[in-house]
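Have a look at the structure below, then the notes.
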Amino acid sequence: MTMHAADFIAIERSLGAHNYKPIDVVLERGEGVFVWDVDGKRYLDGLSAYSAVNQGHCHPKILAAMLEQAGRLTLTSRAFRNDQLAHFYREIAELTGSHKVLPMNSGAEAVETAVKAVRKWGYEQKGVPDGQAEIIVCSENFHGRTLGIVGFSTDPAARGSFGPFAPGFRVVPFGDASAFEAAITPNTVAFLVEPIQGEAGVVIPPAGYFSRVRELCTAHDVVLILDEIQTGLGRTGRMLAEQHEGIEADVTLVGKALSGGFYPVSAVLSNSDVLGVLKPGQHGSTFGGNPLACAIARAALRVLTEEGMIENAAVQGERLKAGLGAIRSNIVREVRGRGLMVAVELHPEAGGARRYCEALKDRGVLVKDTHDHTIRVSPPLVITADQVDWLVDQFDRTLTGA
Ligand SMILES: *Cc1c(COP(=O)(O)O)cnc(C)c1O
């Protein structure tokens, strides 16, 4: 029996938990910026799995590295060593200017790892009284879905009915350095923040915010943790988004594109002694740092730089932002972004972004609404100028009703 899109959707509806509300397109194949559905229709992927496929779908060199390693050795656990981990450490440390690396799997696990490490650092190195460590976070943050993380979310959908939550977090407005300064106490061990808030709708902080935050963290001995799980690895036109701000985090979190979409791979990177507080038995993961993950991540990092994807993100990002910004439509409130991390925010009177995402799907463009009125546009970093122009044209027709 041949299954059609409606059949797949019906089974998902009846058997799956409804914790997502996907656009109703059933995909079966991908290559570069394109994906194909089960009816053979082609789409330009304007989401890139929330920036996990920066390198484009099914990149042949990452695929080759994965297949080669999968036939040799996949998992040893960290009870033993493997011949990929050291190479991965050296290569990611060099590319990101880091001194220590701790590999995990999902992004949320990298965040949890950082929270554990900075608390321990606070007690052992900073002298915070036991059990009193505080971590400052921002309103509208998105750092993942585990209990520890949703406990300091300000999104009612993310945290509602999931408590009780762990204490030790303070929330300040994003982009307000004075509010951050006022929230620091002698027990503050870290500030956890996204360089650009992605899930909140691509919110870029005011110029000078991060340089002031960096000064304050240094002055008060507070660990600056940048969550670059979405902004990192080329998305904004630099290897790390912190480079736009001229600062260096003490701890940087990466994930998503670290595998080019082939496998869950994340990492905590540190410039400081924070990761040094973790001793054998105090943290770990069965799959973290496995040879298959390391081989995939090494190839994913290599193609980002070798194939000029980061420079391309900067060039095509400007083109995309300019093109979208030139659309003459009275429902568009603002177009903003950095590199290929772009958002089109609609006026509330437009009646919600979802219907425009559906209309764009019919025109062969896959994008996703966020926070009701915003359409996020983040195609793979391998997109060409012609493809950007075509994408802009589809937005133009959709938003002007042409
Ligand atoms: C996606 C994301 C995470 C969580 O990553 P998962 O792999 O989904 O756990 C954390 N922080 C940011 C900024 C993200 O975009």
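Start at 1 and go down the list; that is how both ligands and their atoms are numbered. These numbers come from a predicted model, not from an experiment.
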Subject >> Glu199-ligand 1 polar pair, N/O distance under 3.5 Å >> reply: no
Subject >> Face-on cation placement of Arg42 at Phe34 ring, 6.0 Å and 45° thresholds >> reply: yes
Original post:
Protein heavy atoms: any of them under 4.0 Å from atom 5 (O) of ligand 1?
Top reply: yes
Original post:
Hey, is NZ on Lys368 packed in by over 12 heavy atoms from elsewhere, all under 6.0 Å?
Top reply: yes
Original post:
Is the Phe152 ring parallel, tilted or perpendicular to the His143 ring (thresholds 30°, 60°)?
Top reply: tilted
Subject >> Tyr50 touching ligand 1 at heavy-atom level, < 4.0 angstrom >> reply: no
Subject >> Which segment of Arg145 sits under 4.0 Å of ligand 1 when only heavy atoms are counted >> reply: neither
Original post:
Ser270 and His99: side-chain donor and acceptor closer than 3.5 Å?
Top reply: no
Subject >> Residue Ile229 vicinity, atoms of ligand 1 by number, heavy atom under 4.0 Å >> reply: 2 (C), 3 (C), 10 (C), 11 (N), 12 (C), 14 (C)
Subject >> Between Glu228 and Thr231, a side-chain donor and acceptor under 3.5 Å >> reply: yes
**OP:** Could you tell me the residue and atom name of the protein heavy atom closest to atom 7 (O) of ligand 1, and the distance to it rounded to 0.1 Å?
**Re:** Gly107 N, 2.8 Å
**OP:** Counting heavy atoms only, name the option from Ala108, Ser266, Ala52, Ser51 that's nearest to atom 9 (O) of ligand 1.
**Re:** Ala108
Subject >> Glu112, Glu228, Lys256, His143: member with heavy atom nearest to atom 15 (O) of ligand 1 >> reply: Lys256
**OP:** Find all atoms of ligand 1 within a distance of less than 4.0 Å from any non-hydrogen atom belonging to Glu194, and give their numbers and elements.
**Re:** 13 (C)
Subject >> For the student: nearest non-hydrogen atoms of Gln132 and Tyr123, plus distance >> reply: N-OH, 3.4 Å
Subject >> Donor on one side chain, acceptor on other, Thr398 and Arg363, under 3.5 Å >> reply: yes
Subject >> Taking atom 11 (N) of ligand 1 as the reference point, the nearest protein heavy atom with its distance >> reply: Asp227 OD2, 2.7 Å
